[in-house]
There are 2 protein chains.
Amino acid sequence: MMVSTKGRYALTVMVDLARLEGDGYVSLADIAERENLSMKYLESIISILNKGGMLQSLRGKKGGYRLARKPDEYNISEILLLTEGTLAPVNCIMQDGVECEKAATCSTLPLWAGLDKVIENYLSDITLEDIIRGNRKKLLGDYCGTCVSAN
Amino acid sequence: MMVSTKGRYALTVMVDLARLEGDGYVSLADIAERENLSMKYLESIISILNKGGMLQSLRGKKGGYRLARKPDEYNISEILLLTEGTLAPVNCIMQDGVECEKAATCSTLPLWAGLDKVIENYLSDITLEDIIRGNRKKLLGDYCGTCVSAN
DNA sequence: CGCAAATCCTACCACCGTGGTAGGATTAAG
DNA sequence: CTTAATCCTACCACGGTGGTAGGATTTGCG
């Protein structure tokens, strides 16, 4: 599994907040209830989003969270990257400039690099706005036969 | 991480055997030494490949393994699927006909389904032959700007 | 026939990431 | 000054990952 609940729930929170854009600060309790997720667990996840600059928060009564930017200014890749740490499908891929010691002679590396590219390209092309608008063409394909089959 | 060492080493073994196609049966000890991997660990992985019909084996002295088909008749998806069990990037995606209970109302599901498609399409289009021939265009892109960027 | 070289099979295990829970400290509105 | 909210630190069970160990079985060859 490439994306754990941490990344999935983070995206769920971001989509929830994107839907409520303009409603001011939304409390974590509200989000957790709406999405039917553990508030305590969500707390640790939303903390990552907040520290990563994805959100604005307000403490105290009437406090909560809201998006720091417009929904179409977030791409999915950056949200998942922040929460998951990496989106690499294998751990033998170059990260932070450090590559596998066998990289020069490894015959399977180009495959993993290509897979990594495909994933990154897909996720970085989709925004929160696409998700709340249900942009099926962009999400599920038909616009590129080689990327996403038409069946 | 989507693909563990199990899947990676399985592919390494398959590529190794594809390179030696026509040389008869190749012993596990030879493969392990050539690829610099633990023979004991490789044993458990090659056993999955063998039982899954990917290989032919011969026991006893002068025994070993060889490919059951031609290198261009294996796509990478089936090799990884056999060893990893699933290639789904998240565990909330439909598997064996069973889908998440929240599927009907989940706003993020189309994203995960789209990601799954992109991955599956990439991996099922590449064969062992492509890897041993170092088919960079197919592996790393340039043939589809939306799938794999040109940088 | 018997040895050696190979696959095949079962069991075991340490480590770490996942998916949380618990409890309290701090802040701000009214 | 109470209440509702974020913020922070610590803890923990479980299962998957990445192996290791030891032997049983099969087959080629001299």
Side-chain angles (χ1 to χ4, degrees), chain A residues 1-13 17 23-66 68 80 83-92, chain B residues 1-13 17 23-66 68 80 83-92:
Chain A
M1 214 64 44
M2 195 177 79
V3 180
S4 65
T5 57
K6 203 195 280 185
R8 282 202 287 132
Y9 293 176
L11 181 59
T12 297
V13 165
L17 288 175
D23 289 13
Y25 290 94
V26 179
S27 81
L28 184 54
D30 284 358
I31 301 173
E33 191 188 357
R34 205 162 26 237
E35 306 294 342
N36 196 30
L37 296 172
S38 153
M39 177 178 155
K40 272 302 191 182
Y41 185 37
L42 271 195
E43 199 181 307
S44 64
I45 294 168
I46 210 167
S47 160
I48 301 172
L49 292 169
N50 193 27
K51 286 178 184 164
M54 298 278 170
L55 303 176
Q56 286 172 348
S57 68
L58 185 66
R59 301 182 65 168
K61 204 169 177 178
K62 290 278 176 183
Y65 302 91
R66 68 181 181 195
L80 295 179
T83 47
E84 294 287 327
T86 174
L87 290 178
V90 289
N91 68 6
C92 61
Chain B
M1 218 58 49
M2 197 176 78
V3 179
S4 64
T5 55
K6 203 195 280 187
R8 281 202 288 130
Y9 292 176
L11 182 58
T12 297
V13 166
L17 288 175
D23 288 14
Y25 290 95
V26 180
S27 82
L28 184 55
D30 283 359
I31 301 173
E33 191 188 357
R34 203 160 31 233
E35 306 295 341
N36 198 28
L37 297 172
S38 152
M39 176 176 155
K40 272 303 193 181
Y41 185 38
L42 230 44
E43 198 181 307
S44 63
I45 294 169
I46 210 167
S47 159
I48 301 172
L49 292 170
N50 194 27
K51 286 178 184 165
M54 298 276 171
L55 302 176
Q56 287 172 347
S57 69
L58 184 67
R59 301 183 66 171
K61 203 169 178 178
K62 290 280 176 180
Y65 303 91
R66 68 181 181 194
L80 296 179
T83 46
E84 294 287 326
T86 175
L87 291 177
V90 290
N91 66 7
C92 63

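The figures that follow rest on heavy atoms only: side chains count, while hydrogens, waters and symmetry mates do not. Convention: sequence-line order gives letters A, B, ...; per-chain numbering from 1.
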Measure the distance from CD1 on B:Ile45 to C1' on D:dT17 and round it to the nearest whole Å. 11 Å
Tell me every residue that passes side-chain contact (heavy atoms from CB on, under 4.5 Å) with A:Glu33, counting only those two or more places apart in sequence or in another chain. none
A:Arg8 atom CZ is separated from C:dT18 atom P, nearest whole Å, by 13 Å
Quick one: is C:dG19 close enough that its OP1 or OP2 comes under 4.0 Å of any side-chain N or O from A:Ser38? no
Inter-residue atom distance B:Leu11.CG - B:Glu84.CD, 0.5 Å rounding: 11.0 Å
Kindly write out the residues that satisfy side-chain contact (heavy atoms from CB on, under 4.5 Å) with A:Ser47, not counting sequence neighbours, or none if the list is empty. A:Lys51
Just how far, in rounded Å, is P of C:dA22 from OH of A:Tyr41? 15 Å
In Å and rounded to the nearest 0.5 Å, what is the CD to CG distance from B:Glu35 to B:Leu42? 8.5 Å
May I ask you to verify if any side-chain N or O of B:Tyr9 is less than 4.0 angstrom from the OP1 or OP2 atom of D:dG18? no
What's the separation between atom CD1 in A:Ile46 and atom OG1 in A:Thr83, rounded to the nearest 0.5 Å? 12.0 Å
Report, as a single string ordered 5' to 3', how protein heavy atoms within less than 4.0 Å touch nucleotides 2-13 of chain C: B base, S sugar-phosphate only, - not at all. ---BBBBB----
For atom CD1 of B:Ile48 and atom C1' of D:dG19, their distance in whole Å: 13 Å
Audit row: B:Ile45, B:Val13, side chain to side chain contact (heavy atoms under 4.5 Å, CB included) steps and yes/no: CA-CA 9 Å; B:Ile45 294 169; B:Val13 166; 5.6 Å; no
From CD of A:Gln56 over to P of C:dA28, roughly how many Å is that when rounded to an integer? 15 Å
CG of A:Leu37 versus C1' of C:dG19: gap in Å, rounded? 12 Å
Tell me the interatomic distance from B:Met2, atom CE, to D:dT17, atom P, rounded to whole angstroms. 13 Å
